[in-house]
Amino acid sequence: MDIYLHNTLSRTKEKFVPVQAGRVTMYVCGPTVYNFAHIGNARPAVVFDVLRRFLASEYAEVVYVRNVTDVDDKINAAAKAEGVPIGVITERYLAAYHADMQALGVPPPGIEPKVTGHIPQIIEMIQRLIANGHAYEAESHVLFNVPSYPDYGRLSGRNRDEMIAGARVDVAPYKRDAADFVLWKPSPEGVPGWDSPWGFGRPGWHIECSAMIDANLGSGPVDIHGGGHDLIFPHHENEIAQSTCANSGRLGGQPFCRYWMHNGFVNVDAEKMSKSLGNVLLVRDLRDQAPGEAIRLALLSAHYRQPLDWSDVGLRDAKAQLDRLYRALETLQDVQAADLPAPDSFRAALADDLNTPKALAELHALANAVNKAIDPDERGRLKGQMLAAGKLLGLLEQNPVSWFKGDEDSGEAVEIEAAIERRKAARAAKNWAESDRIRDELAARGILLEDKAGITTWRRAP
RNA sequence: GGUCCGGUGGCGGAGUGGCUACGCAGCGGACUGCAAAUCCGCGUACGCCGGUUCAAUUCCGGCCCGGACCUCCA
């Protein structure tokens, strides 16, 4: 199936063709581990996880790299505030990130490089840039010289003068050009750093990704590079400049990365999330409100390039959608799922620039077919297709029974079953008053009963 | 100021030059002891003004409104 992806470089949907047939390389900017992940951090992780799942179903091999930035001034600030080494901070928040991602159904990437593990490669890359005239040392800093790379600004669609005109920061006096950016900067007393040819210091943010891509995916063109919309400028623009200039001889005129994909922001109740507004929603807190799959579905309910307005209503909606899908699956408990791929209509939605809202509609169409199907073979086919479609989105991976009931062996479950038995007896005696009393009593505790085909089942209220 | 993205029914949110998005909520019916679930059916829509067209929510132009980025940021 032909896959089309929106490429920020051209601002159009392009047919996706990997450099090597059957093998896709993908790099996504991962977290800077100085705090707990918020819902905005979760969006790219989930979106590109869906892309990864889909590509893995279409290509023999997907090499997926998502980095961890564990060298950063915000990390330094957090460590200083707590009076601990930066490793304590980064380990804590990386572990929390992994836990959050697991809850959202995002498995670890194939490769998860850390900046601290790539300092020699970063230094080596900077040396290469100095050697071929694209970078220079000045007052213990090393700077990338933007005018040395005429294509600078192509990704973000801005020219150098515009960037300088709009700059909000003062230009450091040691810069040859106002647009030049830092590759290496000195670490004063008490700030973490490493020895380098330019003295004790630490890398700038942008060079980290370039070096980690080089080290883990080679210098040859990367197929897909993803990240948040805000990274287009300056982060990805600078990455292109660094990687292209450092590898000029090796790329053979090809772009350093072929497809650039950027997800839109998550707003909260129509406002941008920010610390000053106090509306930053952490994934770990949202997990108390709804199952991870519901959070995931909420993130996939809008197209990845659109802004997503997060709200309690939206999250409840996502949970309700999953309830409907799991109810259909619940009726197929005793049906053997056929070994089938997701339907073409579903895969076509994902192949069209990852149209997850459309894909979800197709999933609902399958659930609707399940609810109507009588033929056992058809039910088996539908179950297979539904589970395959769910797997591509990272949804429907729970057991339907536990989705609705939680832990079946709990004391409460036993008690509920006993109440249902008493109600069954009352119903047999046509004692509707008693029957309804028991049902109301359970409902007051958030337990809903359903009498289907002579059998009473229960589930927890949404 | 520059660059870019949007404005779709009560809500969320796809999409299309003429034909049902989908989900939630609502209404009617079937089923049920009554419900719930499920099924069938229904309603409400494409910011404003022009233009192109046999036909525009969909293309073009203008306007209004909202948002993002402009070297901290997913």
Side-chain angles (χ1 to χ4, degrees), chain A residues 8 11 28-32 37-48 72-74 77 146 153 156-159 161-169 171 178-182 204-206 226-235 237-238 262-267 270-275 297-298 301-303 305-309 311 313-325 327-328 330-331 349 352 355-365 367-368 370-372 427 430-433 435-436 439-440 443 448-454 456-459 461-462:
Chain A
T8 306
R11 320 237 171 221
V28 172
C29 289
T32 300
H38 58 64
I39 190 66
N41 299 125
R43 192 176 191 191
V46 167
V47 162
F48 292 110
D72 181 89
D73 285 352
K74 289 189 291 294
V146 168
S156 53
R158 30 184 123 226
N159 66 46
D161 292 341
E162 284 166 5
M163 288 181 272
I164 293 167
R168 292 183 196 147
V169 293
V171 176
D180 292 354
F181 57 89
V182 167
W205 177 36
H206 317 299
H229 186 74
D230 56 319
L231 297 183
I232 295 173
F233 187 86
H235 187 54
E237 195 72 75
N238 291 357
H262 295 96
N263 64 274
F265 262 47
V266 179
N267 298 318
E271 281 185 311
K272 182 172 173 171
M273 251 193 296
S274 72
K275 278 184 183 166
L297 192 151
S301 65
H303 185 87
R305 282 193 284 117
Q306 295 302 128
L308 177 71
D309 192 35
S311 67
V313 176
L315 182 55
R316 219 181 313 136
D317 225 62
K319 170 68 165 54
Q321 282 198 53
L322 278 170
D323 283 345
R324 173 176 146 80
L325 297 171
R327 267 199 295 269
E330 195 179 24
T331 68
D352 182 18
N355 190 337
T356 52
K358 185 86 187 325
L360 284 167
E362 297 295 336
L363 199 50
H364 281 291
N368 191 248
V370 166
N371 290 334
K372 280 193 276 193
R427 294 184 73 212
K430 296 200 189 305
N431 183 352
W432 308 127
S435 162
D436 290 350
R439 186 169 63 194
D440 291 346
L448 303 182
L449 299 190
E450 292 171 5
D451 301 322
K452 280 183 278 198
T456 300
T457 59
W458 64 274
R459 61 190 175 91

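Proteins get letters first, then strands, A, B, ... in listed order; numbering begins at 1 in each.
A 4.5 Å side-chain heavy-atom check between A/Arg459 and A/Glu330 finds every atom pair outside the cut-off. Looking at heavy atoms from C-beta onward, A/Asn371 lies in side-chain contact with A/Arg324 at the 4.5 angstrom threshold. Within the 4.5 Å cutoff, the side chain of A/Pro44 has heavy atoms near those of the A/Asn263 side chain.
In this structure, of B/C70, B/A37, B/C22, it is B/C70 that holds the atom nearest to the side chain of A/Phe233. Checking B/C39, B/A14, B/C69 against every side-chain atom of A/Asp230, the shortest atom distance belongs to B/C69. The side chain of A/Asn41 has B/A74 as its nearest neighbour among B/G33, B/C40, B/A74.
In this structure, A/Gly314 reaches neither bases nor backbone, as no heavy-atom distance under 4.0 Å exists between it and the strands shown. Contact annotation for A/Arg327: backbone-only contact, meaning every heavy-atom pair under 4.0 Å involves sugar-phosphate atoms and none involves a base. Across all strands, A/Val182 comes closer than 4.0 Å to no nucleic acid atom at all (heavy-atom distances). Across all strands, A/Gln306 comes closer than 4.0 Å only to sugar-phosphate atoms, never to a base (heavy-atom distances). Using a 4.0 Å heavy-atom criterion, one finds that A/Lys430 contacts no nucleic acid atom at all.
Rounded to whole Å, the C1' atom of B/G9 lies 13 Å from the corresponding atom of B/C22. With both ends at atom P, the span from B/C65 to B/U16 equals 29 Å, rounded to whole Å. Separation of the C1' atoms belonging to B/G28 and B/A21 is 23 Å when rounded to the nearest angstrom. As rounded to the nearest Å, B/G13 and B/U71 have P atoms that lie 29 Å from one another. For the P atom pair drawn from B/A14 and B/C27, the interatomic distance equals 27 Å after rounding to whole Å. Nucleotides B/G12 and B/G62 place their P atoms 29 Å apart, quoted to the nearest Å. B/U52 and B/C11 have their C1' atoms separated by 35 Å, with the value rounded to a whole Å. Nucleotides B/G6 and B/U20 place their P atoms 26 Å apart, quoted to the nearest Å.
Between A/Asp317 atom CG and B/C11 atom C1' there is a gap of 8 Å when expressed in whole angstrom units. Remark: P of B/C69 and CG of A/Leu231 are 11 Å apart, rounded to the nearest angstrom. Atom CE of A/Met273 is separated from atom P of B/A68 by 13 Å (rounded to the nearest Å). For A/Arg324 and B/A36, the CZ to P distance is 17 Å, given to the nearest whole Å. To the nearest angstrom, C1' of B/C24 lies 13 Å from CG of A/Leu360. Between the CG atom of A/Asp440 and the C1' atom of B/A35 there is a distance of 10 Å, rounded to whole Å. Atom CG of A/Leu308 is separated from atom P of B/G6 by 16 Å (rounded to the nearest Å). With rounding to whole Å, A/Ile232 atom CD1 is found 11 Å from B/C69 atom P.
Salt bridge A/Asp323/A/Lys319: present, at least one basic N to carboxylate O contact under 4.0 Å.
With RNA chain B read from its 5' end, the first of the two nearest nucleotides for A/Ala320 and A/His303 is the one closest to A/His303. Looking at which nucleotide of RNA chain B each of A/Gln321 and A/Asp352 is closest to, the 5′-most match is held by A/Asp352.
Of the inter-residue distances, the one linking A/Leu308 atom CG with A/His303 atom NE2 reads 12.0 Å to the nearest 0.5 angstrom. In this structure, A/Leu363 CG and A/Thr356 OG1 are separated by 11.5 Å, a value rounded to the nearest 0.5 Å. Atom CZ of A/Arg439 and atom CG of A/Asp451 lie 6.5 Å apart (nearest 0.5 Å).
Residue A/Phe265 and nucleotide B/A68 are not classified as a stacked aromatic pair, given the requirement of ring centres less than 5.5 Å apart at an interplanar angle below 30°.
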Query raised in the report: Checking side chain to side chain contact (heavy atoms under 4.5 Å, CB included) for the pair A/Asp352/A/Lys358: CA distance, chi angles, key distance, verdict?
Result: CA-CA 10 Å; A/Asp352 182 18; A/Lys358 185 86 187 325; over 6 Å; no
Query raised in the report: Between A/Glu237 and A/Ile232, does a side chain to side chain contact (heavy atoms under 4.5 Å, CB included) hold up when you go through it step by step?
Result: CA-CA 6 Å; A/Glu237 195 72 75; A/Ile232 295 173; 5.5 Å; no
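Helical stems in RNA chain B, defined as runs of 3 or more consecutive Watson-Crick or G-U wobble pairs with both donor-acceptor distances under 3.5 Å, are listed by first residue as B:1-7 with B:64-70, B:10-12 with B:22-24, B:26-30 with B:38-42, B:47-51 with B:59-63.
Counting distance only, with no hydrogens placed and no angle test, the side-chain atoms of A/Ser435 and the base atoms of B/G33 include a donor-acceptor pair under 3.5 Å. Checked by distance alone, A/Asp451 brings a side-chain donor or acceptor within 3.5 Å of a matching partner on the base of B/C34. The base of B/A35 lies close enough to the side chain of A/Arg439 for a donor and an acceptor atom to sit less than 3.5 Å apart. If you check distances only, the side chain of A/Asn267 never reaches the base of B/G67 with a donor-acceptor pair under 3.5 Å.
Classification of the A/His235-A/His206 ring pair by plane angle, with boundaries at 30° and 60°, yields tilted.
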Could you go over nucleotides 7-9 of chain B and give all protein N or O partners under 3.5 Å, atom names and distances?
none

